[in-house]
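Here's the structure, in structure tokens; my notes come after.
Residues take their numbers from the sequence shown, with the count starting at 1. Atoms within each ligand, like the ligands themselves, are counted from 1 in listed order. The figures that follow rest on heavy atoms only: side chains count, while hydrogens, waters and symmetry mates do not.
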Amino acid sequence: MNKTIESERLYGANNYHPLPVVLVRGEGIYVWDDAGNRYTDMMSAYSAVSHGHCHPRLVKALTDQAHTLAIVSRAFYTDKLGLFLKKICEVTGLSKALPMNTGAEAVETALKAARKWAYTVKKVPSDQAEIIICRGNFHGRTIAIVGMSSEPQYRSGFGPFPPGFKQIPYGDIKALAEAITPNTAAFLVEPIQGENGIIVPPAGYLKACAELCQKNNVLLITDEIQTGMGRTGKFLASEHDGITPDCVVLGKALGGGLLPVSLFLSKKEVMDVFTPGDHGSTFGGNQLAAVVGLTAIDVLLEENLIEQAAKLGDYLMKRLRELKSPLITEIRGKGLLVGLEINPSYYSARELCLKLMKQGVLTKETHGTVIRLAPPLIITQEQLDVVIDAISHVLTEAEQEKKSALGEA
Ligand SMILES: *Cc1c(COP(=O)(O)O)cnc(C)c1O
């Protein structure tokens, strides 16, 4: 076995099941393995690398700042954090932002904010606040967050979990209406369920959620860690519904593919529930993160990556539909967040990912039956054509291998 893989297996926890490739370099949409083979990265680190690998402007911002001032904690003011927070508030239309590092921490921040808002502003009786979440959600891996999950494996062996969460079916506005009580603090929802297999809710769902939440004095919190930062062809996916949520969680691509940078954003009334000592993070909002986050937003806007994601996402889905492969049962997505649902009678999504890898395309299965296609937003149509050709090749070959089985179907 490859020595690198061997030492990861020997000394690391067995909490991931990586494809058998050792990556050593990345540039733009490409990564290279230890044998010098080049791959197109159609995973983008679960959408964290929307700007492409080692974007020169982002690397320069990071290294310049690293030579100047990197970490001082929030015990002091620094010259960059305010600029970053101002920028993200201007771009999203929200009033205030609280910086964290990982997505899960920003989601935890949202849960704390919603609960404290419920007690101090909405006047919910002490310890009675409820937060509504959706079946099939993915919001991270902390104890509270896996406690909200409907995925048995994410929860199994990790209880007991904090109470105060109520689960409803995703995309079902009636279920939300029925779940809201006078003690409901918030409804936390993903505009598209990424980890659940790129599940797109019915058109107008978020708009209906926003109206219902507003009517009942319930906060609408969208987890845009994966769908935000232009991934779906708008800066925030909630813009497709023409709404501004009360609270938004961002992460992943906010770190420009270089650092973990996350934010909890909200209207003023919600953020104002926090007072010094209520919440914090040693690294949250550090100088490196602030500069990289600010530059990540600037690059997205100045390089027109959001328009590009909208246009190329439509193109990608159209081309994939034209393949008419009997191995694919559904193609879903928005912008450059696309899922191919594979007919599990013939192949697992992982088997097809391994075949794609041999054709120079890297991606990873989600939930066993879905192949995720989420390239860096800097990809060009020509580069996408090469990927589509590789997918077409793999599907045709796979189909031939199973020809008799498919013929009987
Ligand atoms: C990835 C993800 C998270 C968790 O982010 P981490 O940085 O891994 O903690 C939360 N919500 C959604 C929608 C995600 O895709």
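- More than 12 heavy-atom neighbours from other residues, nucleotides or ligands sit within 6.0 angstrom of CZ on R321.
- Between K318 and E322 there is a salt bridge, since at least one side-chain N of the basic residue sits less than 4.0 Å from a carboxylate O of the acidic one.
- Of all the heavy atoms in A374 and L337, the pair that sits closest is CB-CD1, 4.3 Å.
- A side-chain donor-acceptor contact under 3.5 Å links S281 and N101.
- No hydrogens or angles considered: nothing links the side chains of T295 and R57 as a donor-acceptor pair under 3.5 Å.
- Contact shell of ligand 1 (protein heavy atoms, cutoff 4.0 Å): T102, G103, A104, F138, H139, G140, E190, D223, I225, Q226, K252.
- For the residue pair E224 / S238, a side-chain donor-acceptor distance below 3.5 Å is found, with atom types taken as modelled.
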